[in-house]
Each structure stands twice: as C-alpha cells, then as structure tokens.
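Quick note: numbers below take in every heavy atom, side chains included, and nothing from hydrogens, waters or symmetry partners. Bear in mind the structure is a predicted one, so any value in this text is a computation, not a measurement. Letters A, B, ... are given to chains in the order of the sequence lines, protein chains preceding strands, and every chain is numbered from 1.
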Protein chains: 2
Amino acid sequence: MNTDSVLKLDNQLCFAVYACAREITKLYHPLLKELGLTYTQYVTMLALWEQDQVTVKQLGHRLYLDSGTLTPLLKKLEAMGLLTRSRDKQDERSVIIQLTEQGIRLKDKAIDIPERLFCQAGLSPEEAEAFRKQITDMLEKVQHIQGDNN
Amino acid sequence: MNTDSVLKLDNQLCFAVYACAREITKLYHPLLKELGLTYTQYVTMLALWEQDQVTVKQLGHRLYLDSGTLTPLLKKLEAMGLLTRSRDKQDERSVIIQLTEQGIRLKDKAIDIPERLFCQAGLSPEEAEAFRKQITDMLEKVQHIQGDNN
DNA sequence: GAGGAATTAATTGCATGCAATTTAATCGCC
DNA sequence: GGCGATTAAATTGCATGCAATTAATTCCTC
C-alpha cells in the first residue's frame, strides 16, 4: 500500500468499526424508545438480566465502561425504578446493583428486540453469528493490548 | 436459540461492535495525542486529506456525522489553524471546508499512525483487510436500512 | 416574480464516554 | 494497632453524537 492509500478513510479498519457502531445504535433507537431506554441503558440492562447483584466495578468490566459513565447512568435507572444501588455491607467501597421487580419484568418487553432487529437488518442468523464471533475476537485482542487494566 | 440466550450480551452483535469501536478508539489515543488531535478530529482530517473543498454536508455524508457534531468540531479545527470555513459564493447555504498549509502539512506527521497501530494490535495486514471488508459491508447494509436519508 | 417547499448550517438540549482527580474504605506490612 | 499503598465510586471537565428546532438561502411552481 502506498503512502497515500494508507491514510484513506475507506482503508481504515477503525473508521469502519466506529461508523458501524453508530449506525447500529441508530437502528435500535425506535425499538428502544418503546421500552423507554437509551442504547447504553439497554446494554446495561442486558448485562443485569444475565446477572445482577454485581458491583459497579464488575458491571463496568462486563460493559467496558468505567464509573464515570456508569455512576450517572445507574442513578438514572435507579430513578426510573429499574434497579437499586446499595453499599456492600462486607466492603463499603463497593456498590451493589440489584434489579427491582419492575426491572426484571422489563425483560419480557425486551425479549423480541433482537429478533425484530435482525429482520430489519436483513441478516441471516448464521451470517450474524459468524460476524459477531469475529468482532468478539477482535475485541478481545484489542482489549489485551490496552495494558490489561481491567 | 432459547428465550434466555437471545438476550445474552455475548450473543449481541451490536454490543461487540459497540465495545470494539470504543476499545479501538482508546488504542489511538496515545498516538493522536502527539498530533494534538482527538479521534473524531483525526477521522475528519483523514477525510479532508483525501479531498477538501467540500461542504459540511458532503463531509458529514462521508463520516456519517451531522452538522450538530461537525459544526463545533470544524470550528475547533479552524481555531487550531488546520482549516478554513467559508460560505459558498454560488450557494450561500453551504459552507466550504478547505485545509490550510498547516492542515496539509499535518498529514506528514500522521502518515505512520496506521502502521504503528497495526503493529501494536498484532494484526496481519491480510487479517485486518478481510475484517475491514466485512465491517464495511455491514456498514453499508445497515446504512441502507436507515431510510437512505443521506 | 411571489410565496410556499426544500435544503444547508447552526443551535439547543440531552446522554454518553473517558481522563484525571477526589473521597472513602480496606489492605498490607511493620 | 497504625500508617502508607491500594482499591472502588463519585466527581469534574471536556469532547462527542444525535434529535429537534431555527435561520438563512435557494428551488419550484403557478
């Protein structure tokens, strides 16, 4: 590749991923509006539906987000009545996140979102799965470079 | 896939892309710091190094960004002396973006960033290229769903 | 050629993200 | 037990992103 083409936008892996992430987020917007959640709030709820009673630290590790992003976001979800935040009795530095009944029930309303999105996107499940696996591999690769601070 | 696993974070293509984009951006941070650019500013300069004398509209289409994001960003790059913003004489609605000498020269300092990043990421050029192509395909697919508003 | 429709930037308001710092609590080591 | 190091959240400051609205200009149609 010559010196010019290395800097071409279309040759940048980074740009493709960056733009793709934003476009996908926009795709979710109308569906999530029905739930009253933003995209980041939705992803946070996904993590908590899998496992709650976790600390902010653990949740952040799962979502690749730090407390600077999570603290205000969790306070908002708490204000919406979807979860509670309470200090760990064993270690008062930690805050435990627990879903409320309402937060748990929201899962039922969210259950058909992936299906609806796939249809909308015109992706076969196999295509999507193969693609997801590749990005996940990349994600892990990239994350390990970051200095393993997590 | 059962009702539980469809909502698992690890099965979400969206989440993989979303997290990957942010991790990649972090990877760029130390390199871009040397140039004095943020990631979005860097991507904008990439587009302009390929072609300047473009309107905000055209640039936004290229970058998948709207004027709400671009206007303040371009004003900042203008304040840094990298480009100029001027109304199109033929159509006063449009604003033409043009690189300054300093903006053009910055390209020389940026030229080795892709190379350095690849090394850091431990990706072979072939791997990266195959991967980039897939994401680009996905990006186009997703973008066409959005209602072709661009 | 006048007036409503369409187009382009800019603005406003809100929700992230993240680096850096601060605060509070716990750990480790003597 | 006591104190410096470490850890977990919270806070602060800055830079995006985007939806919705506004302002200015041009287009289009009668």
Chemist: Would you kindly compare K76(A) and K89(A) by the position of their nearest DNA chain C nucleotide and give the one closer to the 5′ end?
Modeler: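 Closest to the 5' end, via its nearest nucleotide, is K76(A).
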Chemist: Rounded to whole angstrom units, what separation is found between the OH atom of Y18(B) and the P atom of dT16(D)?
Modeler: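 Rounded to the whole Å, the gap is 17 Å.
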Chemist: Looking at R85(A), does any N or O in its side chain come under 4.0 Å of the phosphate oxygens OP1/OP2 on dA10(D)?
Modeler: yes
Chemist: For L65(A) and dC18(C), give me the distance from atom CG to atom C1', rounded to whole Å.
Modeler: 10 Å
Chemist: Mind calculating the distance between CG (L27(A)) and P (dC18(D)) to the nearest angstrom?
Modeler: 13 Å
Chemist: Side chain of V95(B) only, please: which of dC18(D), dA9(C), dC18(C) is the nearest?
Modeler: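 From the listed options, dA9(C) comes nearest.
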Chemist: Does the distance from a Lys or Arg side-chain N to an Asp or Glu carboxylate O, for E127(A) and K141(B), drop under 4.0 Å?
Modeler: yes
Chemist: Taking only residues two or more places apart in sequence, or in another chain, which ones meet K8(A) in a side chain to side chain contact (heavy atoms under 4.5 Å, CB included)?
Modeler: N11(A), E50(B)
Chemist: Please list, pair by pair, any protein nitrogen or oxygen found under 3.5 Å from a nitrogen or oxygen in nucleotides 2-4 of chain C.
Modeler:
none

Chemist: Partners of E115(B) by salt bridge (charged side-chain N to carboxylate O under 4.0 Å, His left out), sequence neighbours excluded?
Modeler: none
Chemist: Identify, with sequence neighbours excluded, every residue that meets ring-ring contact (aromatic ring centres under 6.0 Å, His included) alongside F131(B).
Modeler: none
Chemist: Give a yes/no on whether any side-chain N or O of T25(A) is located under 4.0 angstrom from OP1 or OP2 of dC18(D).
Modeler: no
Chemist: In sequence, state the C-alpha distance, the side-chain angles, and the governing distance for L13(B) and L117(A), and then conclude on side chain to side chain contact (heavy atoms under 4.5 Å, CB included).
Modeler: CA-CA 11 Å; L13(B) 176 54; L117(A) 200 84; over 6 Å; no
Chemist: With sequence neighbours left out, what residues match R85(A) under salt bridge (charged side-chain N to carboxylate O under 4.0 Å, His left out)?
Modeler: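 Once residues adjacent in sequence are excluded, the partners of R85(A) under the salt bridge (charged side-chain N to carboxylate O under 4.0 Å, His left out) criterion are E78(A).
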Chemist: Who are the salt bridge (charged side-chain N to carboxylate O under 4.0 Å, His left out) partners of D137(B), not counting sequence neighbours?
Modeler: K133(B)
Chemist: Using the salt bridge (charged side-chain N to carboxylate O under 4.0 Å, His left out) criterion, which residues pair with D10(A)? Sequence neighbours excluded.
Modeler: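 Checked D10(A) against salt bridge (charged side-chain N to carboxylate O under 4.0 Å, His left out); matches are R62(B).
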Chemist: Quick one: side-chain hydrogen bond (donor to acceptor under 3.5 Å, both in side chains) pairs with a partner in residues 90-100 of chain B, sequence neighbours left out?
Modeler: D91(B)-R93(B)
Chemist: Can you tell me how far C1' of dT12(C) sits from CG of D66(B), to the nearest Å?
Modeler: 13 Å
Chemist: Check DNA chain D against residues 67-75 of chain B and give the residues with a non-hydrogen atom under 4.0 Å, in numerical order.
Modeler: G68(B), T69(B), L73(B)
Chemist: Could you tell me which residues satisfy side chain to side chain contact (heavy atoms under 4.5 Å, CB included) with A19(B), sequence neighbours excluded, listed by chain and number?
Modeler: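 With sequence neighbours excluded, A19(B) shows a side chain to side chain contact (heavy atoms under 4.5 Å, CB included) to Y64(A), L139(A), F15(B), R22(B), given in chain and number order.
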Chemist: Calculate, to the nearest 0.5 Å, the distance between atoms CD1 and SG belonging to I113(A) and C14(B) respectively.
Modeler: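 Those atoms lie 10.0 Å apart.
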Chemist: Do the ring planes of Y42(A) and Y28(A) sit parallel (below 30°), tilted (30 to 60°) or perpendicular (above 60°)?
Modeler: tilted
Chemist: Roughly how many Å is it from CE in M80(A) to P in dC14(C), rounded to a whole number?
Modeler: 16 Å
Chemist: Identify all pairs in which a protein N or O lies below 3.5 Å from an N or O of nucleotides 4-7 of chain D, and state each distance.
Modeler:
unit_1: dT7(D); atom_1: O2; unit_2: R93(A); atom_2: NH1; d: 3.3

Chemist: Using heavy atoms and a sub-4.0 Å distance, could you list which residues of residues 28-47 of chain B are near DNA chain D? By number, please.
Modeler: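 T38(B), T40(B), Q41(B) - these, ordered by number, are the residues of the stretch whose heavy atoms sit under 4.0 Å from the strand.
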Chemist: Could you check E34(B) against R116(B) for salt bridge (Lys or Arg N to Asp or Glu O under 4.0 Å), going step by step and ending with a plain yes or no?
Modeler: CA-CA 13 Å; E34(B) 300 173 15; R116(B) 288 166 68 192; 3.0 Å; yes
